[in-house]
Amino acid sequence: MIALIAAYTRNRVIGKDGRIPWTLKDEKRRFKELTMGHVLVMGRRTFEEIGRPLPGRFTVVLSRTAQFEGENLCTMPALQPALEYIRGRFPGKDIFIAGGQQVYTEALPLAEKLFITELDAELAGDAYFPAFDAAQFEREVLSRTEDSIPYTYVTYTRKQPTGRSPLV
């Protein structure tokens, strides 16, 4: 399964100046629960914001300008070669794609699931989650939390298979 995991505002902001412009008390726990034991793919700026490979997951950083290597970590120049590498090295493992804007835009047509935290706010930003046709997905609302910014955990499952091989 290829899944996107993201948090965005009503105006689809996911970042500003290379950072996430909010802090949610349970978001890190949810991210960990969903991705533990799986493969993470993320853009360079997302990885640099986190600052390290996350324990219990293999991380592939997409970058044409920087190299990140280490235990449970590698760098690939683009999404398609990364997916080929992952499928060869970790057959059958779920792949979670965790940002940024360019990575989400390229991966969205391949995604079978979207694990989204929808923030009930409009914030200024310079990175956005791509618009998608919600009619192509079943939407399951999991929970709503009142925090400094109220938010809702939502899972979108694609109604029809993508019809596209992740290796094409």
Side-chain angles (χ1 to χ4, degrees), residues 1-9 12-119 121 123-130 142-143 145 147-149 151-156 166-167:
M1 168 189 72
I2 295 176
L4 276 57
I5 185 167
Y8 59 71
T9 63
R12 296 203 180 274
V13 166
I14 59 172
K16 182 176 182 178
D17 300 325
R19 315 253 343 132
I20 297 172
W22 56 76
T23 301
L24 303 176
K25 64 179 180 181
D26 291 328
E27 184 63 16
K28 288 180 183 178
R29 180 183 50 77
R30 180 172 189 254
F31 184 92
K32 181 178 180 179
E33 288 172 359
L34 287 169
T35 63
M36 186 60 73
H38 301 291
V39 178
L40 281 177
V41 176
M42 63 184 71
R44 176 190 54 81
R45 288 175 72 179
T46 301
F47 180 75
E48 288 174 344
E49 181 177 352
I50 294 169
R52 62 182 169 78
L54 296 173
R57 290 148 278 203
F58 189 88
T59 302
V60 177
V61 179
L62 301 179
S63 178
R64 291 181 185 90
T65 59
Q67 274 300 116
F68 303 95
E69 303 296 331
E71 187 175 344
N72 296 318
L73 173 68
C74 75
T75 305
M76 300 295 291
L79 182 60
Q80 288 302 325
L83 294 175
E84 292 173 20
Y85 172 79
I86 293 163
R87 293 287 190 221
R89 183 163 177 198
F90 304 102
K93 279 272 193 196
D94 289 337
I95 301 168
F96 283 83
I97 298 174
Q101 180 177 324
Q102 180 180 339
V103 176
Y104 284 138
T105 300
E106 192 174 341
L108 186 58
L110 304 173
E112 299 162 56
K113 285 193 174 262
L114 310 176
F115 295 97
I116 305 295
T117 302
E118 296 177 345
L119 284 77
L123 301 175
D126 55 19
Y128 298 86
F129 193 85
L142 302 175
S143 68
T145 302
D147 201 339
S148 57
I149 301 173
Y151 59 92
T152 304
Y153 293 138
V154 179
T155 299
Y156 292 89
L167 302 180

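Numbers here simply count residues along the sequence, with the first being 1.
- Rounding to the nearest 0.5 Å gives a distance of 10.0 Å between CG of Leu54 and NZ of Lys28.
- Looking at Leu83 and Ile2, their side chains come closer than 4.5 Å, going by heavy atoms from C-beta outward.
- In this structure, CZ on Phe47 lies 7.5 Å from CE on Met42, to the nearest 0.5 angstrom.
- Pro53 and Leu73 get closest at one heavy-atom pair: CG-CD2, 3.9 Å.
- Among pairs with a residue in residues 34-50, those fulfilling salt bridge (Lys or Arg N to Asp or Glu O under 4.0 Å) read Arg44-Glu48, at least two apart in sequence or across chains.
- The two residues Val13 and Ala124 make their nearest non-hydrogen contact at CG1-O, 4.1 Å.
- Between Leu108 and Pro130, the shortest heavy-atom contact is CD2-CG, 3.9 Å.
- Rounding to the nearest 0.5 Å places CG of Leu4 at 5.5 Å from CG of Leu114.
- Under the 4.5 Å side-chain criterion, counting only non-hydrogen atoms from C-beta, Thr46 is not in contact with Val103.
- Nearest approach of Pro21 to Gly15, heavy atoms of both residues: CD-CA, 3.8 Å.
- Annotation: side chain of Leu110 is in contact with side chain of Gln80 (closest heavy-atom distance under 4.5 Å).
- Sorted by first and then second residue, the side-chain hydrogen bond (donor to acceptor under 3.5 Å, both in side chains) pairs involving residues 14-24 (not counting sequence neighbours) form an empty list.
- Using a 30° and 60° split on the angle between ring planes, Phe90 and Tyr85 fall in the perpendicular class, above 60°.
- For the atom pair Thr155 OG1 and Ile5 CD1, the distance stands at 9.0 Å (nearest 0.5 Å).
- For the side chain to side chain contact (heavy atoms under 4.5 Å, CB included) test, residues two or more places apart in sequence or in another chain that qualify with Gln67 are Glu69, Thr75.
- Smallest separation of non-hydrogen atoms from Ala121 and Ile149: CB-CG2, 3.7 Å.
- In this view, Gln101 satisfies the side-chain hydrogen bond (donor to acceptor under 3.5 Å, both in side chains) rule with no residue, not counting sequence neighbours.
- Partners of Thr152 according to the side-chain hydrogen bond (donor to acceptor under 3.5 Å, both in side chains) rule, which considers only residues two or more places apart in sequence or in another chain, are Arg144.
- Interatomic distance, CE of Met76 versus CZ of Phe68, reported as 14.5 Å (0.5 Å rounding).
- Residues meeting the ring pair (Phe, Tyr, Trp, His ring centres under 6.0 Å) test with Tyr8, sequence neighbours left out: Phe129.
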Show me the donor-acceptor pairs, under 3.5 Å and distance only, between side chains in residues 29-36 and residues at least two apart or in other chains.
unit_1, atom_1, unit_2, atom_2, d
Arg29, NH1, Glu33, OE2, 3.1
Thr35, OG1, Phe31, O, 2.8
Thr35, OG1, Arg57, NH1, 3.0

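- Side-chain contact between Leu24 and Thr145: absent, with no pair of heavy atoms (C-beta onward) separated by less than 4.5 Å.
- Under the salt bridge (charged side-chain N to carboxylate O under 4.0 Å, His left out) criterion, Glu27 pairs with no residue at all, not counting sequence neighbours.
- Nearest heavy-atom pair across Ala98 and Tyr104 is C-OH, 3.3 Å.
- With sequence neighbours excluded, the residues forming a ring pair (Phe, Tyr, Trp, His ring centres under 6.0 Å) with Phe96 are His38, Phe115, listed by chain and number.
- Rounding to the nearest 0.5 angstrom, the gap separating the CG atom in Leu40 from the CG atom in Asn72 is 10.5 Å.
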